[in-house]
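Below is one structure, written out as structure tokens, with a few remarks after it.
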Amino acid sequence: MSTEPLYVKPNVRIEGLVNQFVAWTHVYTPVSGAMNLANLLFPIMDSFVQRPEVHAAAVANPKMKGGFFVNADLSRVDEVRDLRDRIARDDAAALAFAGAIKGAEDLLRAQATGYDLSPLYAQLPPELRGYVELVYDVNHHPSLRFLEPLLYRSPVFRRDREAIELSLDDGSEPPFILSTPRLAHPDHLQLPLRLDHAGIDELFATRTTPRTFDEISKALEVGTGEQDRLLRTLLTTDPAVPADRHIDGGGRIRYFGHACILLQTPSVSILVDPFISSNHAAGDRFTYVDLPDRIDYVLITHAHQDHIVLETLLQLRHKVGTVVVPRNGGGHRQDPSIRLYLEQVGFTVREVDDFDELAFDGGRIVAAPFFGEHCDLDIRAKSSYWVHLAGKGVFIGADTSGLESELYRRMRTGIGETDLAFIGMECDGAPLTWLYSSLFTQPVPRRMAITRKLSGSNAAQATGIVDQLGAKEAYVYAMGQEDWLQHVMATSYTPESYQLLQVAEFLDNCKQRGVHAEHLLVRKELRW
Ligand SMILES: [Fe+2]
Ligand SMILES: [Fe+2]
């Protein structure tokens, strides 16, 4: 029995956790992580412990979808209280750090009035000293510049909070990742492993290369008894990978849903914003088994939770060459370094700035500007990409907004001709406070927040991109419509939704121009 070759089942899911919450950017990176913990996750747990029935009612109300409520049974109050208390004890440094940021910004608001900042260092809360520089911009607005690499080596960042959870995807929707901790589940295997643990790679490499149970169990440091039983439920003797995961000539694009696109030639594979359904049984979509055995480049467009998706990245790490990420501005908490984040999680990362190029066998990748979609916050860690492979130019816009169509005219002369353009049209996104509220140290007026949204291109902006790039084909994507990503996106469209009306208008505009255009959903394959 123990020498039998075993493969990971095609529908295995993994979630990377910190303090049992899904480890997306705002949870994992040290400054935003501390503020997210103190100003969002801790109050949510507190509120659930005080009034669990309010949370249960909100979770059951479709109008509250995407709200910050704990999606757990009322009987789990003690577990959430224990988690809250454990965090208060073990993560006291992070909670104090978040409080110190508030204290420092109160100090700046009162005393940094355009004059010499050096006397203020002595007044900084001790938790911040040595971790921040005080700076003005050229309009004399003061701010804290954080030394993020040093904070990864501080008590604010603790690796022993990390864990992974393995389970089987049966098509049911996991709880919303921004609000609900992963509590113990009788069918889920939670292991206290760091997210860069090599056992994760050994497990997922068995999609194509089988190992014995003992080898897999040892790699994941699984104990006997219940953990052993749960691990066995994740393994099978039947490999599921189809031969057409590779191609032997030309070029191919496979759309995996949402913003996830695979570009392939026989010699290179490039996967953009990996977010892949593990519900293999659904049968209507590409899943992990449809990926090639090697992914040379992963391109990340920005740090939102639907574009850096650890539940997918961890499954792929064993076969990924380089993760290409946009460089951040450095030091602003709303703009953490994607490179540092993904290096901690065990990837080889290459940072790019606008118009940096990477050549590969038979083509090149160009980082291109990404305007907007971040509520007008000064965030530089965002990039669209232009890829040339197998003779075609492909623009991958993700959530970039066509705020300034002139940019694309200039890009066309500077970079080259675009055959295919992928454009995100989630053009009525959530307000500023939905994703960023925990980073502010004073209240954001509601009327301000709703003018600053996480919005991609509307019809006019998308049309401007197509016109100025001279794209021959256009594909609308990244709308968050697929059912398997609702635990991350929490979108709720109706046929009358502004976004869908804008898509229809854009498709019409393209038709009038003789540009082939489609609204992608779930799955698509393009071959040339
Ligand atoms: Fe986004
Ligand atoms: Fe998005």
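Numbering of ligands and ligand atoms starts at 1, following listing order.
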Those residues that, when tested against Gln499, pass side-chain contact (heavy atoms from CB on, under 4.5 Å) (two or more places apart):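 side-chain contact (heavy atoms from CB on, under 4.5 Å) list for Gln499, sorted by chain: Glu426, Cys427, Asp428, Met479, Tyr493, Ser497.
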Criterion salt bridge (Lys or Arg N to Asp or Glu O under 4.0 Å) against Arg380, the qualifying member of Asp354, Asp335, Asp353: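 Of all the options given, the one that passes is Asp354.
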Phe157: ring-ring contact (aromatic ring centres under 6.0 Å, His included) partners, not counting sequence neighbours: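 Listed in chain order: Tyr28, Tyr152.
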Salt bridge present between Arg317 and Asp201 (N-O < 4.0 angstrom):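 Salt bridge flag = yes for Asp201 with Arg317.
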Any residue meeting salt bridge (Lys or Arg N to Asp or Glu O under 4.0 Å) with Asp244, in chain and number order, not counting sequence neighbours: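 Per chain and number, Asp244 pairs via salt bridge (Lys or Arg N to Asp or Glu O under 4.0 Å) with Arg254.
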In the protein, N/O/S atoms that are found under 2.8 Å from the Fe ion (ligand 2), waters not counted: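 As for protein N, O or S atoms lying under 2.8 Å from the Fe ion (ligand 2), they are Asp306 OD2, His307 NE2, Asp399 OD2.
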Minimum heavy-atom distance between Tyr477 and His258, given as atom pair plus value: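 So the two residues come closest at CD1-O, 3.2 Å.
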